[in-house]
**Q** 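Encoded as structure tokens, here's the structure I'll be asking about.
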Amino acid sequence: MRSRRSILFSAALAASLLLAAQPPAAQAQVAVIDLKAILQAEQQVSQGLTQIQRLESQLSNQAAMLQHLQTDVTGPIAQITGQATAILQQAQGIGYGAQNVAQQYSSLYPTTMPGASLASTQASLATWRQNNVLALQDALRMQNQIAQGQPTTAAQVAAAVQASQGAAGQTAAVQATNQLLATVSAQLTQLQNLLITQARAEQTLAAQAQATQAAADADRQRAWTISQPPTRLTNPGQL
């Protein structure tokens, strides 16, 4: 039998091992506040709001740039230009759409008229006068059309200028500039058409003067040409 001291030592050792194996008693939990994490979260939220504000500003600017001009002056200007073009296309005499103007000019206004009869000369003179009348009428029609279109053109220019000054966006401003350029281009086209018709009238007058000189030469040649009268002798060689 073991001794009493040995038994007590074994019991004490077992008790100590049992106590060591048990977990410590639970303690009350205390909330821990991480100030650094809170500051970082606030900073991230602030940066996100700033980015959102920047995006809203960019969208507003882009929407303003894409706004269109509410005024359109190209319609009336195009109509005026079309009327001027119609005058040139409907011109008679030596028209502006002839494929071979030089040939037509040479045929109507010859530099010489050898052997021309009186009837032929008179017909040529009538044609030249008619061409002059038509050319002058075209020039007058062009002047009249431009004069009638000036109030409309001026009003459209004023409307385009006013619209460009109040343009809400870059796109609207560009459109206003384009409309002003179109108006100026139409005015230059009208001026060019006027110069064309006036030059044609002057050219027909000069051509008539040249052709009239050729007709006069033909008349003089016809007047001074004396034909030999027929003889009454049957055999003039036997005299």
Side-chain angles (χ1 to χ4, degrees), residues 1-86 88-89 145-196:
M1 293 180 63
R2 291 184 297 176
S3 61
R4 184 177 180 181
R5 180 179 297 179
S6 177
I7 295 172
L8 292 174
F9 177 78
S10 298
L13 179 60
S16 63
L17 292 174
L18 181 62
L19 291 175
Q22 292 181 355
Q27 299 179 354
Q29 296 182 355
V30 179
V32 179
I33 300 176
D34 193 348
L35 297 178
K36 184 177 181 180
I38 294 175
L39 292 176
Q40 289 179 351
E42 290 180 352
Q43 186 177 5
Q44 291 177 356
V45 172
S46 177
Q47 291 176 353
L49 292 175
T50 303
Q51 292 179 355
I52 293 174
Q53 292 175 355
R54 289 177 181 176
L55 291 175
E56 290 179 350
S57 178
Q58 291 177 359
L59 292 175
S60 299
N61 293 334
Q62 291 176 358
M65 290 174 60
L66 294 177
Q67 289 185 7
H68 296 279
L69 191 68
Q70 301 300 323
T71 302
D72 186 8
V73 303
T74 56
I77 297 301
Q79 182 178 2
I80 294 174
T81 305
Q83 292 174 354
T85 303
L88 296 180
Q89 292 178 348
Q145 188 271 334
I146 294 176
Q148 290 181 352
Q150 281 182 347
T152 301
T153 302
Q156 298 304 317
V157 170
V161 171
Q162 183 178 2
S164 64
Q165 291 177 348
Q170 182 177 357
T171 302
V174 171
Q175 291 176 347
T177 302
N178 291 338
Q179 292 188 17
L180 288 174
L181 291 176
T183 305
V184 173
S185 176
Q187 291 177 332
L188 292 176
T189 302
Q190 292 177 357
L191 178 60
Q192 183 181 21
N193 293 337
L194 179 60
L195 293 176
I196 289 174

**Q** Show the nearest heavy-atom pair for residues Ile80 and Gly149, with the distance to one decimal.
**A** CD1-O, 3.5 Å
**Q** Does Asn178 have any side-chain hydrogen bond (donor to acceptor under 3.5 Å, both in side chains) partners at least two apart in sequence or in another chain, and if so, which?
**A** none
**Q** Return the OG1 to CD1 distance between Thr153 and Ile77, rounded to the nearest 0.5 Å.
**A** 4.0 Å
**Q** Roughly how far apart are Gln145 CD and Gln190 CD, rounded to 0.5 Å?
**A**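 So the gap between those two atoms works out to 5.5 Å.
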**Q** Mind checking what makes side chain to side chain contact (heavy atoms under 4.5 Å, CB included) contact with Glu42, not counting sequence neighbours?
**A**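 Ile38, Leu39.
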**Q** Give the minimum heavy-atom separation between Ala176 and Ala160, together with the two atoms involved.
**A**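 Looks like CB-O, 4.2 Å.
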**Q** List in chain and number order the residues that pass side chain to side chain contact (heavy atoms under 4.5 Å, CB included) with Gln150, two or more places apart in sequence or in another chain; answer none if no residue qualifies.
**A**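 Side chain to side chain contact (heavy atoms under 4.5 Å, CB included) check on Gln150 returns Ile146.
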**Q** Which donor-acceptor pairs under 3.5 Å do the side chains of residues 179-189 make with protein atoms, sequence neighbours left out?
**A**
from, atom 1, to, atom 2, distance (Å)
Gln179, OE1, Val73, N, 3.1
Gln179, NE2, Thr71, O, 2.8
Thr183, OG1, Gln179, O, 2.9
Thr189, OG1, Ser185, O, 2.9

